[in-house]
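Chain A is the first sequence line, chain B the second, and so forth, proteins listed ahead of strands; every chain is numbered from 1.
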4 protein chains.
Amino acid sequence: MLGPMAVAEPENTARRRPPRVDAIRNREAIVEAAAEVLAEQGVAVDVREIARRSGVGMGTLYRHFPKKEDLVHTVLRRDFAKWAESARQAAIEAEDPWAALTTFYRQALTGYARHRAIMENFALTWADPDLEGIHQLRLVIEQLRARAGAMGLLRPGVTTDDLLLLLVSLGHAVQITDECRPQLWNRLLRISLDGLRADHSAPLPTDLAR
Amino acid sequence: MLGPMAVAEPENTARRRPPRVDAIRNREAIVEAAAEVLAEQGVAVDVREIARRSGVGMGTLYRHFPKKEDLVHTVLRRDFAKWAESARQAAIEAEDPWAALTTFYRQALTGYARHRAIMENFALTWADPDLEGIHQLRLVIEQLRARAGAMGLLRPGVTTDDLLLLLVSLGHAVQITDECRPQLWNRLLRISLDGLRADHSAPLPTDLAR
Amino acid sequence: MLGPMAVAEPENTARRRPPRVDAIRNREAIVEAAAEVLAEQGVAVDVREIARRSGVGMGTLYRHFPKKEDLVHTVLRRDFAKWAESARQAAIEAEDPWAALTTFYRQALTGYARHRAIMENFALTWADPDLEGIHQLRLVIEQLRARAGAMGLLRPGVTTDDLLLLLVSLGHAVQITDECRPQLWNRLLRISLDGLRADHSAPLPTDLAR
Amino acid sequence: MLGPMAVAEPENTARRRPPRVDAIRNREAIVEAAAEVLAEQGVAVDVREIARRSGVGMGTLYRHFPKKEDLVHTVLRRDFAKWAESARQAAIEAEDPWAALTTFYRQALTGYARHRAIMENFALTWADPDLEGIHQLRLVIEQLRARAGAMGLLRPGVTTDDLLLLLVSLGHAVQITDECRPQLWNRLLRISLDGLRADHSAPLPTDLAR
DNA sequence: TATGAATGAGGGTTCATTCAT
DNA sequence: TATGAATGAACCCTCATTCAT
């Protein structure tokens with residue numbers, strides 16, 4: 001495919017970039033540990049705890065992420081993306097638009113909704129259309145809504161914001177039921193989805209947006 | 001009602017300087033200020049801020065509430081009770097069981113759901129049956145559920161826990177929409193309530209409680 | 001002069017201000033210790049060192065001075081003022097305008113020129129006319145210059161800025177000779193002052209100010 | 001001059017990869033970059049900044065200079081020497097001993113007096129007769145003093161230390177006027193030099209050296 | 001008793017120096 | 001050997017809680 005260059009180039013790169021494999025490994029260890037800790041404890045964690053769990057010194061952590069915020073954002077971006085993707089995949093495999101919607105929620109709420117930092121951030125930024133991670137999620141929801149709406153399955157007037165807010169809202173339910181009643185949220189989900197069906201034709205209240 | 005005691009007691013106290021009335025006044029000022037601040041900022045507030053707003057010194061505050069937690073709990077008990085009561089009152093005035101239920105939610109979500117500390121604590125303790133404030137809320141919900149259920153208005157299988165969790169969940173939605181989309185949660189409420197109607201007969205998933 | 005109020009007032013004040021004598025003492029201890037340390041080591045000192053020397057905890061220090069900068073500025077203001085005042089006093093007592101000028105320099109260089117933080121700050125801000133401490137010094141110099149100039153004792157064209165810069169410059173000399181040749185700067189002073197005499201009529205180079 | 005060694009040595013080194021030329025080049029790059037940075041920012045610079053500007057890694061830098069101090073000293077030696085030399089050259093070209101002296105100061109203050117690290121170090125070490133760089137400077141001054149003294153141009157009693165201290169002192173003036181009043185120091189220089197003239201016969205104060 | 005000053009354990013961050021690649 | 005990643009002590013600052021007045 002590439003000819004001689006294909007040979008030369010890697011060599012070249014190898015020369016100038018003494019493959020800092022372990023740096024990458026460290027970076028990943030940091031992100032991994034941070035993700036773990038952030039999922040468990042939210043953004044209020046001590047940076048030292050992350051360093052400890054990832055087995056690196058403070059300096060290493062700060063070399064890779066000059067501010068705590070940078071690390072947090074990196075983790076959030078990553079995990080939001082993973083989250084959106086996993087829920088999207090689940091939705092894709094569904095048989096029909098309604099199943100896609102329900103599967104999406106089920107998957108979304110099963111996986112990352114236990115992630116404390118994700119949910120904290122989601123609560124703060126769900127309305128900000130520019131944030132990468134949330135944007136992906138919103139896109140998925142937008143598609144699901146369009147598909148279900150086109151088939152006349154969805155209650156008229158339901159917006160993407162409604163569906164997104166429902167996700168935040170149920171996500172919170174997941175968090176707080178996680179330890180004592182791990183599946184209780186499922187019932188709420190069922191209830192909400194039923195309330196979203198097209199057979200409810202009563203108009204939803206306007207919210208005088210903004 | 002009290003007889004001689006009513007006379008003796010004040011005298012006694014009067015001797016030792018401030019006839020306890022001050023203490024009570026202080027305590028109330030502290031609780032009031034704390035409630036205000038906790039509602040605005042959640043439990044992470046600086047204790048100094050509470051002392052400042054209540055006009056008492058740190059020493060006085062800590063005399064009445066040896067731990068920050070004690071003060072927080074006191075406020076939460078009080079405000080949970082107020083919350084439950086105001087929502088109960090609203091429900092009572094409703095014309096029929098279903099209106100009672102919807103009015104209850106509307107009232108509950110309109111008033112105290114903006115109280116940050118209340119919602120933080122609700123999330124942590126909603127499942128603890130012993131906590132006074134939540135217990136009252138639960139009782140109200142229990143009654144509403146019973147009434148609506150008796151009339152066959154409520155979807156079969158809906159439990160008090162479902163309704164309580166719905167409250168937490170929507171309460172969270174209220175918080176996060178408060179600044180940018182102040183009434184968006186109303187739509188979610190409508191959807192959920194519709195999902196709770198008896199015309200949805202599909203069984204709710206069990207949650208293998210505990 | 002005051003009548004009964006003179007009696008009442010102190011009582012009043014005593015009531016509302018449980019004379020936090022020790023707080024004041026602490027504040028002074030902090031400032032004193034800070035002045036000492038800043039004089040010895042310059043502004044780069046560790047705040048803990050100041051706390052340690054003043055015998056208070058970090059919290060106390062930060063209660064009185066929310067930022068390290070605040071403490072540093074407080075000390076600098078105080079010491080600049082002391083410095084200007086002591087040099088002014090010395091100058092006042094001199095017999096004639098020229099003696100006033102020389103005495104001023106001698107005094108100024110003898111006292112605070114060993115103060116590292118003072119000199120660091122002086123070097124940075126000597127040209128800023130708004131800084132309190134420096135302003136006082138400049139005023140004194142301005143007067144001395146005017147008096148000596150009026151008597152025709154001062155070399156024509158000498159400005160207040162010249163004299164101020166000479167002070168910074170010789171102050172630096174004091175600092176660097178302090179440990180090994182404690183009075184060497186005196187010779188430099190003598191030389192400079194002689195160069196300032198009116199018998200040098202050659203014009204000074206312009207500096208195209210600004 | 002060296003015979004066989006001159007041949008053998010390179011060969012030897014050549015076998016083990018980089019024929020030391022690289023090392024020398026690196027070393028020079030480091031020193032060059034360090035000089036630049038030290039001149040701009042003084043000794044408080046981050047070592048990384050030096051590594052960055054010189055284009056070498058930290059390891060290389062520390063291989064050549066095991067301590068930051070070592071590198072700093074190397075640069076200072078080099079730049080002190082350059083400084084002394086340039087001022088000496090200027091002085092040599094002067095027409096008479098007095099012009100030599102004034103030219104020396106003017107040159108010295110024009111060139112390297114803006115070099116922050118040089119001046120920082122000069123302040124610390126001016127009195128240490130063993131330090132190479134300063135020693136050279138001192139020698140130049142010694143000669144200038146001798147020449148001007150022999151001609152009876154210099155105020156009696158002026159020592160080399162006086163002249164050296166004057167240089168430090170005015171060097172500081174250069175630094176602090178550099179940004180706001182770039183030539184103001186020139187006036188101070190003129191004043192000081194006039195104070196050094198032989199027509200001032202009043203004896204300078206002794207400083208009871210050590 | 002009420003006051004608010006004092007305490008000090010952490011929390012985020014930097015940087016000279018070492019070490020694996 | 002050159003690279004730049006890793007280390008960790010030390011820095012500035014906050015806040016729940018205690019204590020002298």
Side-chain angles (χ1 to χ4, degrees), chain A residues 15-27 30 44-51 55-69 71, chain B residues 16-18 20 22-23 26 44-52 55-69 71, chain C residues 15-27 30 44-49 51 55-69 71, chain D residues 13 16-18 20 22-23 26 44-52 55-69 71:
Chain A
R15 248 174 227 152
R16 0 194 109 183
R17 312 226 171 155
R20 49 224 193 166
V21 214
D22 59 336
I24 291 171
R25 206 170 291 157
N26 262 335
R27 193 192 154 94
I30 292 168
V45 274
D46 187 339
V47 182
R48 282 167 171 85
E49 171 66 15
I50 299 175
V56 306
M58 290 296 295
T60 304
L61 195 155
Y62 273 87
R63 155 182 281 276
H64 289 287
F65 304 96
K67 300 275 169 197
K68 179 187 180 182
E69 214 191 352
L71 174 53
Chain B
R16 313 193 201 152
R17 293 302 188 70
R20 181 170 284 183
D22 275 30
N26 267 339
V45 275
D46 191 329
V47 181
R48 281 152 219 265
E49 174 65 15
I50 299 175
R52 217 172 294 135
V56 306
M58 293 292 290
T60 306
L61 195 157
Y62 270 85
R63 163 175 302 280
H64 288 286
F65 305 95
K67 298 271 169 198
K68 180 186 181 181
E69 215 192 351
L71 173 54
Chain C
R15 247 175 228 153
R16 0 194 108 180
R17 314 227 169 151
R20 51 231 191 159
V21 215
D22 59 335
I24 291 171
R25 205 170 292 157
N26 262 333
R27 192 191 154 93
I30 292 168
V45 274
D46 187 338
V47 181
R48 279 170 172 84
E49 172 65 14
V56 306
M58 292 294 296
T60 303
L61 196 155
Y62 273 89
R63 155 182 281 276
H64 290 287
F65 304 96
K67 301 272 168 200
K68 178 187 180 181
E69 213 191 353
L71 174 53
Chain D
T13 343
R16 315 195 200 148
R17 293 301 187 71
R20 180 169 285 182
D22 275 28
N26 267 340
V45 276
D46 191 331
V47 181
R48 283 152 217 265
E49 174 65 15
I50 299 174
R52 217 171 297 137
V56 307
M58 293 293 290
T60 306
L61 194 155
Y62 270 85
R63 162 174 303 279
H64 289 285
F65 306 95
K67 298 272 169 198
K68 180 184 180 181
E69 215 191 351
L71 173 54

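Remark: P of E:dT21 and CD1 of A:I24 are 14 Å apart, rounded to the nearest angstrom. We find that CZ of B:R52 is positioned 10 Å from P of F:dC15, with the value rounded to whole Å. Put simply, CG on C:L71 is 10 Å from P on F:dC13, counting in whole angstrom units. Per the geometry, CG belonging to C:L61 stands 10 Å off P belonging to E:dT7, to the nearest Å. Between C:E49 atom CD and F:dC12 atom P the separation is 11 Å, expressed in whole Å. The separation between D:R63 atom CZ and E:dT21 atom P is 17 Å, rounded to whole Å. Note: CD1 (D:I50) to P (E:dT17) measures 11 Å, nearest angstrom. The NE2-P distance, from C:H64 to E:dG4, rounds to 14 Å in whole Å.
Distances were taken from every side-chain heavy atom of C:R48 (C-beta onward) to each of F:dT17, E:dG10, E:dT14; the shortest belongs to E:dG10. Taking the side chain of D:M58 as heavy atoms from C-beta on, and the options F:dT14, F:dA16, F:dG4, the nearest nucleotide is F:dG4. Of the candidate nucleotides E:dT3, F:dA9, F:dC13, E:dT3 has the atom nearest to the side chain of B:V56. Closest to the side chain of C:V47, from the set F:dA2, E:dT13, F:dC12, is F:dC12. Here E:dT14 is the nucleotide among E:dT7, E:dT14, F:dA16 with the atom lying nearest to any side-chain atom of A:Y62. Considering only the side chain of C:D46, F:dA10 comes nearest among F:dA10, F:dT3, E:dT13. Among the nucleotides E:dG10, E:dT14, E:dT3, the one closest to any side-chain atom of A:K67 is E:dT14.
Within the 4.5 Å cutoff, no side-chain heavy atoms of D:K67 are placed close to those of D:Y62.
In this structure, F:dA20 and E:dT3 make a Watson-Crick or G-U wobble pair, each of the two defining distances being under 3.5 angstrom.
Between atom NE2 of residue A:H64 and atom CD1 of residue A:I24 there is a gap of 9.5 Å, rounded to the nearest 0.5 Å. Taking OG1 from C:T60 and CZ from C:R27, the interatomic distance works out to 13.0 Å, rounded to the nearest 0.5 Å. Here CZ of A:R48 is found 12.0 Å from CD1 of A:I50. Values are rounded to the nearest 0.5 Å. The structure places CE of D:M58 at 6.5 Å from CG of D:L61, a figure rounded to the nearest 0.5 Å.
Between D:G59 and A:G57, the residue anchored nearer the 5' end of DNA chain F, judged by the nucleotide with its closest heavy atom, is D:G59. Each of A:K68 and D:V45 was assigned the nucleotide of DNA chain E with the nearest heavy atom; the assignment lying further toward the 5' end belongs to A:K68. Heavy-atom distances to DNA chain E give each of C:T60 and A:T60 a nearest nucleotide, and the one nearer the 5′ end belongs to C:T60.
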